[in-house]
Amino acid sequence: MLQIAAIREHKDAFAQALKKRNLDAMPLLENAISVDEKRRTLQGQLDETLAESNKLSKQIGDLFKSGKAAQANELKVQTGDLKEKSKQLNVELNVAIEELQNILYTIPNIPQDSVPTGNSDEDNEVISEHGSIPTLHAGAKPHWELVKDYDIIDFELGNKITGAGFPVYKRKGARLQRALINYFLDKNTGAGYEEMQVPHLVNEASGYGTGQLPDKEGQMYYVGVDDLYLIPTGEVPITNIYRGDLLENKDLPITMTGYTPCFRREAGSYGSDVRGLNRLHQFDKVEILRIEHPDQSDAALDSMVAHVKGILEELELPYRILRLCGGDLGFTSTLTYDFEIYSTAQEKWLEVSSVSNFKTFQSNRLKLRFRNSEGKTELAHTLNGSSLALPRILAGILENYQTESGIKIPEVLKPYCGFDIID
RNA sequence: AGAGAGGUGGCCGAGUGGUCGAAGGCGCACGCCUGGAAAGCGUGUAAACGGCAACGUUUCGAGGGUUCGAAUCCCUUCCUCUCUACCA
């Protein structure tokens, strides 16, 4: 959520920047400013009324204490009007506050200057490509066939137990997945990220804090009896660890990592994109998060990108880095880099990581602040990224490492797997 | 799930109707002391909103109520702790 004070100050620049999202934000921004104007006027009137009422109360108290009950009772009569008036103003003020809130909820974050213009994922800017695409043997297969051949992932079984999009990982498939989780966590903690294990269900306040609510409600599984949501990403519980906190300057940066399953309803998804492991209702992910001083967040984003690069290079998977265009940029982000690995058998790129700087958009909702060097409170910056999403990495390994005699295991994973081929 | 206790500032913790934004402590900042540090001593130190400022308003888990006036009394609700029951 943007800060109203910032909107007031940078209206034109914000409207300009939001054009990159193909959004004509000017009417929204102006509406927000005018509602805020109303809010401030009402606040002023209410303050005045209450000040008067407080003054009278004090006088009444003093009169009672000095035994002048008659005079005190006279004054009491005067307070009636003020009470009525302040009640009325209070109602109007709350309406204005809510109205403003609702407008602010609909305004996405301001894209950074470097965000390219564009309408869809086709307009994302390819920053770099790395590694070489392997030449597979004749008859190489996509992963959904490989997993059947070697009996390592069973989609039918998941279907039976739960429904589509909930695969069962078996035998060496299960072990490979666990190996990846451990490997990712080791890489992240080795780089200084503190490991966290967090709840997989969150309350409403957490959903609002990171921006899933109110608008992306339909993407989350909801447990009505207890009013809880299954997490769509570890970002939600991990970021909310610091919701409402006031940190000291010296506490920054805070760096965390965590492994969680992710649950997504993916309503409306269909077609070849959802084949096999490409898109699931439940999948595993290891996440990295940072809470940063505003001066440091740009550099922090770069370091997260470098970190994810390092992992993909060790796995020896061909990958590329994209800078998301305005049209594809997430609602809460100012700048996002996506990592895609090349699935040789499917002949397509698969997104395996998304690394974003949210600046103060989340912290404003979270009320996550720190005391700066001048002793003033200031919103911190939040960032996060996947390192990495499991299923597509798994798909990439299965497809790119397949040979006629089985699927080889990447060198770095062998110690984690305890075997070096799936056959 | 049943019974009891409690939720107060960055943290701990006092406070049962007006003099309470709130004692005391910790932490933090500055100063004194010191060769330097620690200790000690002194001073200061909540947040949000409005205002150029003086200042005003709000906030003692949340929401409602009583009252001229509520951290303090009443109701509702959420959460935490202890004991009991159950249990991975």
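Lettering of chains follows the sequences in order, A, B, ..., and the numbering in each one begins at 1. These numbers were taken from a predicted model, which means no experiment stands behind them.
A:Asn54 and A:Ser57 are not linked by any side-chain donor-acceptor pair at a separation below 3.5 angstrom, with hydrogens and angles left out of the test. Judged purely by distance below 3.5 Å, without hydrogens or angles, the side chains of A:Ser114 and A:Gln112 never pair a donor atom with an acceptor atom. Side-chain atoms of A:Asn249 and A:Ser373 form no donor-acceptor pair, as typed in the model, at a separation below 3.5 Å. Between the side chains of A:Glu235 and A:Thr210, no donor N or O sits under 3.5 Å from an acceptor N or O.
Nearest to the side chain of A:Thr79, among B:rU57, B:rG50, B:rC68, sits B:rC68.
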Restricting to nitrogen or oxygen on both sides, can you table the protein-nucleotides 43-47 of chain B pairs closer than 3.5 Å?
residue	atom	partner	partner atom	Å
B:rA47	OP1	A:Arg371	NH1	3.2
B:rA47	O3'	A:Arg369	NH1	3.3

I'd like a table of atom pairs between the protein and nucleotides 69-76 of chain B - only N or O on both sides, under 3.5 Å - with the distance next to each one.
residue	atom	partner	partner atom	Å
B:rG69	O4'	A:Ser57	OG	3.3

Check nucleotides 19-22 of chain B against the protein and report each pair of N or O atoms closer than 3.5 Å, with its distance, or say if there are none.
none

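Separation of the C1' atoms belonging to B:rC33 and B:rC41 is 8 Å when rounded to the nearest angstrom. The gap from the C1' atom of B:rG17 to that of B:rA71 amounts to 11 Å, rounded to the nearest Å. Only the P atoms considered, B:rC87 is 50 Å distant from B:rA23, to the nearest whole Å. Atom name P, nucleotides B:rG24 and B:rG15: the rounded distance is 15 Å, in whole Å. Taking atom C1' in both B:rA14 and B:rG21, one finds a spacing of 15 Å when rounded to whole Å. Comparing the same atom, C1', in B:rC11 and in B:rC60 gives a spacing of 15 Å after rounding to whole Å. Comparing B:rA22 with B:rU16, their C1' atoms sit 14 Å apart, to the nearest whole Å. To the nearest whole angstrom, the two P atoms, one in B:rA39 and one in B:rA47, are 25 Å apart.
A sub-4.0 Å separation between OP1 or OP2 of B:rC68 and a side-chain N or O of A:Asn73 is absent. Dashed line: the shortest gap from a side-chain N or O of A:Arg40 to OP1 or OP2 of B:rU57 is not under 4.0 Å. OP1 or OP2 of B:rU58 has at least one side-chain nitrogen or oxygen of A:Asn54 nearer than 4.0 Å.
A salt bridge links A:Asp36 to A:Arg40: one of the charged nitrogens lies within less than 4.0 Å of a carboxylate oxygen. Between A:Asp328 and A:Arg323, no side-chain nitrogen of the basic residue sits less than 4.0 Å from a carboxylate oxygen of the acidic one, so the salt-bridge criterion is not met.
In this structure, CG of A:Leu42 is placed 14 Å from C1' of B:rU57, rounded to the nearest angstrom. In this structure, the CD atom of A:Gln45 is 14 Å from the C1' atom of B:rU57, given to the nearest Å. Atom pair A:Leu93:CG and B:rU59:P shows a separation of 13 Å (rounding to whole Å applied). We find that CG of A:Leu89 is positioned 13 Å from C1' of B:rU57, with the value rounded to whole Å. The distance from atom CG of A:Leu82 to atom P of B:rU57 is 13 Å, rounded to the nearest whole Å. At whole-Å resolution of the value, CG in A:Leu46 and C1' in B:rU58 are 9 Å apart. In this structure, the CD atom of A:Glu204 is 17 Å from the P atom of B:rA62, given to the nearest Å. To the nearest angstrom, C1' of B:rA48 lies 13 Å from CD of A:Gln3.
Where A:Gly61 and A:Asn94 meet RNA chain B, the nucleotide closest to each residue was compared, and A:Gly61 sits on the side nearer the 5' end. Comparing A:Leu56 and A:Ile4 by the nucleotide of RNA chain B whose heavy atom lies nearest to each, the residue mapping closer to the 5' end is A:Ile4.
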(request) Could you summarise the pairing of RNA chain B as dot-bracket text, marking Watson-Crick and G-U pairs under 3.5 Å with ( ) or [ ] inside the strand and | across strands? (result) ((((((((.[[[..)..(.....]]]((((((.......))))))(((((....))))).[[[[[..)....]]]]])))))))....

(message) Checking A:Lys285 against A:Glu287 for the salt bridge (charged side-chain N to carboxylate O under 4.0 Å, His left out) test, could you report, in this order, the C-alpha distance in whole Å, the side-chain angles of both residues, the deciding distance, and whether it holds?
(response) CA-CA 6 Å; A:Lys285 186 153 62 72; A:Glu287 193 81 355; 2.6 Å; yes

(message) Walk me through whether A:Glu92 and A:Gln88 qualify under side chain to side chain donor-acceptor pair (under 3.5 Å).
(response) CA-CA 6 Å; A:Glu92 289 176 41; A:Gln88 178 66 29; 3.2 Å; yes

(request) List the steps and the verdict of side chain to side chain donor-acceptor pair (under 3.5 Å) for A:Tyr259 and A:Glu195. (result) CA-CA 8 Å; A:Tyr259 152 71; A:Glu195 185 172 345; over 6 Å; no

(message) side-chain contact (heavy atoms from CB on, under 4.5 Å), that's the test. Do A:Arg21 and A:Asn109 meet it? Break it down for me.
(response) CA-CA 10 Å; A:Arg21 290 185 182 271; A:Asn109 207 350; 4.0 Å; yes

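Here the CD1 atom belonging to A:Ile311 is positioned 8.5 Å from the OG atom belonging to A:Ser353, to the nearest 0.5 angstrom.
Not counting sequence neighbours, the partners of A:Tyr193 by the ring pair (Phe, Tyr, Trp, His ring centres under 6.0 Å) test are A:His307. Residues passing the side chain to side chain donor-acceptor pair (under 3.5 Å) test with A:Ser354, sequence neighbours excluded: A:Asp338.
Between A:Tyr416 and A:Tyr183, the ring-plane angle classifies as perpendicular under the 30° and 60° cut-offs.
Not one N or O on the side chain of A:Arg290 forms a donor-acceptor pair closer than 3.5 Å with the backbone of A:Leu383.
Figure legend: cation-pi geometry between A:Lys172 and A:Phe419, with NZ or CZ positioned under 6.0 Å from the six-membered ring centre and within 45° of its axis.
The residue A:Leu50 sits close only to the backbone: its heavy atoms come under 4.0 Å of sugar-phosphate atoms, none of a base.
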